[in-house]
Trainee: 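Have a look at this one before I ask anything.
Keep in mind that the numbers below use all heavy atoms, side chains included, and drop hydrogens, waters and symmetry copies. Quantities reported herein were computed from a predicted structural model and do not represent experimental measurements. First the proteins, then the strands, lettered A, B, ... as listed; each starts at 1.
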Amino acid sequence: MVILGDLMKKQGIRSDGRKIDELRPVRIEAGVLKNADCSSFIEFGGNKIMVAVYGPKEVHPKHMALADRAVLRCRYHMAPYSVDERKNPAPSRREIEISKISKEALEPALILEDYPRTAIDVYIEVLQSDGGSRCAGITAAAVALADAGINMRDLVTACAAGKVDNTIVLDINDEEDKKGQADMPIAYMPNLEKVTLMQVDGTLSKEEYKKCLDMAISGCMQVNQLQKEALRKKYFGNEEEEEGDMN
Amino acid sequence: MSHQKKSNVIVEHLRRIQMQELLVKGERLDGRGLTETRPLKIETNIIQKANGSARVTLGNTQVIAGVKIDTGEPYGDRPNEGIMICGAEVLPLASAYSEPGPPDEDAIELARVVDRGIRESEMIDVNKLVLTKGKVVYKISVDVSILNIDGNLFDAASYAAASALLTAKLPKFKIEDGKVVDTNESTPTPTRTIPVSVTMAKIGDVIIADPTHEEESIMDGRVTMTTDAEGNVCAVQKGGAGTFTVEQINHIVETTITKGNEIRSILKKATENGSI
Amino acid sequence: MQEIRKKYVIPGDHIADGNFKNLLNAVEISNKIYATRVGIAEVGMDGAKVIPLSGIYIPRVGDLVICKVIDHSAMAWELDMNSCFSGHLPAQDVFGKEFSPSHDDLTKVFGIGDLVACKVANFDRSRNPLLTTADRDLGKIDSGEVVRVSPTRIPRLIGKRGSMINTIEQNTHCKIIIGQNGIVVVSGPSARDILISVKAIRMVDEGAHTTSLTQRVKDMLEGSTSGNIG
């Protein structure tokens, strides 16, 4: 018998009314800023995140360039008004760490060898934060990178799972993140079936760990459909599949 | 200056000549009249975690302002006034030549000009923001994020800051046993006027309102003037190496007041109805 | 004639199975072919390719490009190619073998901000592209309206054997110089003709993935030249 805390209203229903394997509402839009080579906007639960990609472009300072591939640079940053208590606009240690792991989550999907001596900059700006902002940021960044026309082996899609009141649940929100027992953000390449980001905060048994990972990946697969829809909507609108003369 | 920056600032000669020829005839590249501003769109309450927020698009320039309200100690020389601080940050995603890192002189000037317009117009009734005289007052932080740059950041940022403040909900705090307690109730933020800035640029001898990025990159100078609802000028900033004659300055004052009134009614409508 | 299947794809979309000799904007992973770009996938007998709908210009030797002068040294100009690489135009290319930095002034030929039509003379992965202006119709562009389009739309703007661009030029009597890097310069007899040409170019830029585009552009041009601009 599971002892229920305040995060699970009754068996299988969470404090925000979701089922244990249900995502928060997600909306992704591609191409929202004019200047960026490409951009995307994601609403993931209460998260509102703007992502822009600049590049491939020349590297400055020049000594940072690599002779055989592009340098991928990533900045995750939160607006001062994005959180409950005003945040100092200067990057915190947390933001610097998330910038690094986001870069490492996106890099495996990019064919950087196609762009020697250049840089690709990814800017993730969190305008409002909720639980799972790094996953939402990575998901939106992958859409912006595809939109920018940078060669990619696969999209990268991210989603967290975790443990709340002794139950493994999908897509932890802010409250569950703060009061729950464990949080596991995962980024995943859905066609290549490879994990590109994995972190765990909290304690999980071996069985729970496996279950949590499976659940996070199933969440990634759902998010991936929304990424694809956003890109298709931008490029192909309601066009029928192409059959006729292209030229 | 990075290479990227250099390349973006250089306007093609063809384009520059075309722009100059049009301006002499009283026309502009995008079809606007000399003192015509670009379409202004304001959406408010877009960030639920902020006490007030607004997204402003002015042509292709896009900014977001968020207001956070907290308590703090008043300044020593102003024990009976609440605190209002306005900041602005040009995010690196705003253009190919904005880079991460501490704000440069342009970003600092931007933040200070926006702050000055709101402060000097006495938009916020700071006397109503005192909880315990000399000890605890409201502290209002306005942060403006620049999302996309296409000229005239000053005005876009100042409209966003003003709209966010006009819609900001002031939490009702009370003092219990010397501690600040949030009652979970709120009132509108006490405001007295709506400051509106209008930026005019000078290219050759032609004065234009609301310059685009391309116009800014060939302009000689600019003047940002903020007026209040009574038509008083309350803050001015001249920028760029160009010079202005007294005649030109008088023309700018006149235009700023008329344009300011038009824009003030847009701000009013947007903050009353949620968006326009 | 081989049968070619066409399909809209985004990166990671599975487009075919098996071994293909030629892959363009596609990767093979465990005998499966995936798209690497947003675009239109074409799978034929020997090759699988994706015609991309987004992306920056990557220089190729022989391409005509329209560049903006952004800097110069005593020996060469540096040009913005609308790419991730900047172009290098050596002074010798313009002044000839007798070029001497003490006698010849580079700024007298091309100044900063000038637009120059160039050809990519040499380019490999290790150095920035080498440009040349030594050919017919190359050099400084003195007049015209500059239009920027996605470099991926240039093939469509030119059309099969120039069909699209010829249609636009014939209907508007404008001269259109197309840089493979996405910079297009339109000059013509009147402002109105230029306006119509620019409108046609924008139509191609926005509708490059759609069918019967040439016909729609033709209809617009014929409608415009005989009456209203829609």
Side-chain angles (χ1 to χ4, degrees), chain A residues 31-41 43 45-62 64 73-91 95-96 99 118-119 121-130 133 140-141 144 174, chain B residues 1-8 46-55 57 59-70 72 85-103 107 111 139-151 164 168 182 213:
Chain A
V32 287
L33 297 175
K34 284 268 175 187
N35 288 341
D37 291 319
C38 271
S39 58
S40 65
F41 181 66
E43 288 183 4
N47 288 298
K48 292 182 191 225
I49 301 174
M50 190 78 87
V51 178
V53 170
Y54 284 93
K57 60 181 195 181
E58 287 194 303
V59 188
H60 290 277
K62 274 213 159 76
M64 279 184 68
R73 301 184 290 203
C74 190
R75 177 180 120 128
Y76 167 100
H77 179 252
M78 296 173 91
Y81 44 80
S82 64
V83 277
D84 291 325
E85 211 154 292
R86 181 179 179 272
K87 189 205 149 284
N88 185 320
E95 286 167 290
I96 292 167
S99 300
T118 65
D121 284 331
V122 177
Y123 299 118
I124 301 172
E125 293 290 343
V126 180
L127 301 173
Q128 175 161 287
S129 97
D130 191 359
S133 66
D174 222 3
Chain B
M1 195 195 271
S2 75
H3 160 81
Q4 196 70 40
K5 188 161 182 167
K6 202 166 60 188
S7 173
N8 265 280
I46 53 154
I47 306 291
Q48 290 75 27
K49 286 208 174 176
N51 299 85
S53 58
R55 183 212 299 266
T57 46
N60 285 331
T61 290
Q62 195 183 131
V63 310
I64 287 185
V67 173
K68 295 296 272 187
I69 302 178
D70 202 350
I85 305 170
C86 184
E89 199 180 4
V90 179
L91 300 179
L93 54 63
S95 77
Y97 47 91
S98 338
E99 280 174 10
K139 186 179 172 192
I140 300 181
S141 310
V142 187
D143 285 283
V144 183
S145 311
I146 310 296
L147 295 179
N148 199 69
I149 296 178
D150 188 14
D182 191 344
H213 177 66

Trainee: So do the side chains of D174(A) and K49(B) get within less than 4.5 Å of each other, counting heavy atoms only?
Mentor: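 Side-chain contact under 4.5 Å: yes.
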Trainee: Could you have a look at P103(B), S145(B), P92(B) and say which one has the most heavy-atom pairs with chain A under 4.5 angstrom?
Mentor: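 Looking at each of P103(B), S145(B), P92(B) in turn, P92(B) comes out on top.
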Trainee: Please report the shortest heavy-atom distance between R75(A) and P100(B), naming the atom on each side.
Mentor: CD-CB, 3.8 Å
Trainee: May I ask you to name which of D130(A), V32(A), L127(A) has the most heavy-atom pairs under 4.5 Å with chain B?
Mentor: L127(A)
Trainee: Give me each pair satisfying salt bridge (charged side-chain N to carboxylate O under 4.0 Å, His left out) with a member in residues 140-151 of chain B, each pair once, sequence neighbours excluded.
Mentor: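 Found R86(A)-D143(B), R38(B)-D150(B).
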Trainee: Please state whether the side chain, the backbone, both or neither of I69(B) comes within less than 4.5 Å of a heavy atom of chain A.
Mentor: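 Neither part; nothing is under 4.5 Å.
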Trainee: Just list the side-chain donor-acceptor pairs under 3.5 Å for residues 48-56 of chain A, sequence neighbours left out, or say none.
Mentor:
from: K48(A); atom 1: NZ; to: I46(B); atom 2: O; distance (Å): 2.9
from: Y54(A); atom 1: OH; to: A36(A); atom 2: N; distance (Å): 3.4
from: Y54(A); atom 1: OH; to: L93(B); atom 2: O; distance (Å): 2.9
from: Y54(A); atom 1: OH; to: S95(B); atom 2: N; distance (Å): 3.0

Trainee: Would you say that I64(B) contacts Y81(A) through its side chain, given a criterion of any heavy-atom pair below 4.5 Å between the two side chains?
Mentor: yes
Trainee: Just verifying a value: how many Å separate D84(A) CG and D70(B) CG, rounded to the nearest 0.5 Å?
Mentor: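 The CG atom of D70(B) is 11.5 Å from CG of D84(A), to the nearest 0.5 Å.
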Trainee: Keeping N148(B) on the side-chain end and L33(A) on the backbone end, is there a donor-acceptor pair under 3.5 Å?
Mentor: no
Trainee: Counting heavy-atom pairs closer than 4.5 Å to chain A, which one of Q62(B), E89(B), K68(B) comes out on top?
Mentor: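 That would be K68(B).
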Trainee: Please classify the contact of V83(A) with chain B as side chain, backbone, both or neither, using a heavy-atom distance under 4.5 Å.
Mentor: backbone
Trainee: Determine whether more than 12 heavy atoms belonging to other residues, nucleotides or ligands lie under 6.0 Å from atom CD of Q48(B).
Mentor: yes
Trainee: With distance as the sole test, does E125(A) use its side chain to make a donor-acceptor pair with the main-chain N or O of L91(B) at under 3.5 Å?
Mentor: no
Trainee: Answer with side chain, backbone, both or neither: which region of S39(A) has an atom nearer than 4.5 Å to a non-hydrogen atom of chain B?
Mentor: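 Answer is neither: S39(A) stays 4.5 Å or more from chain B.
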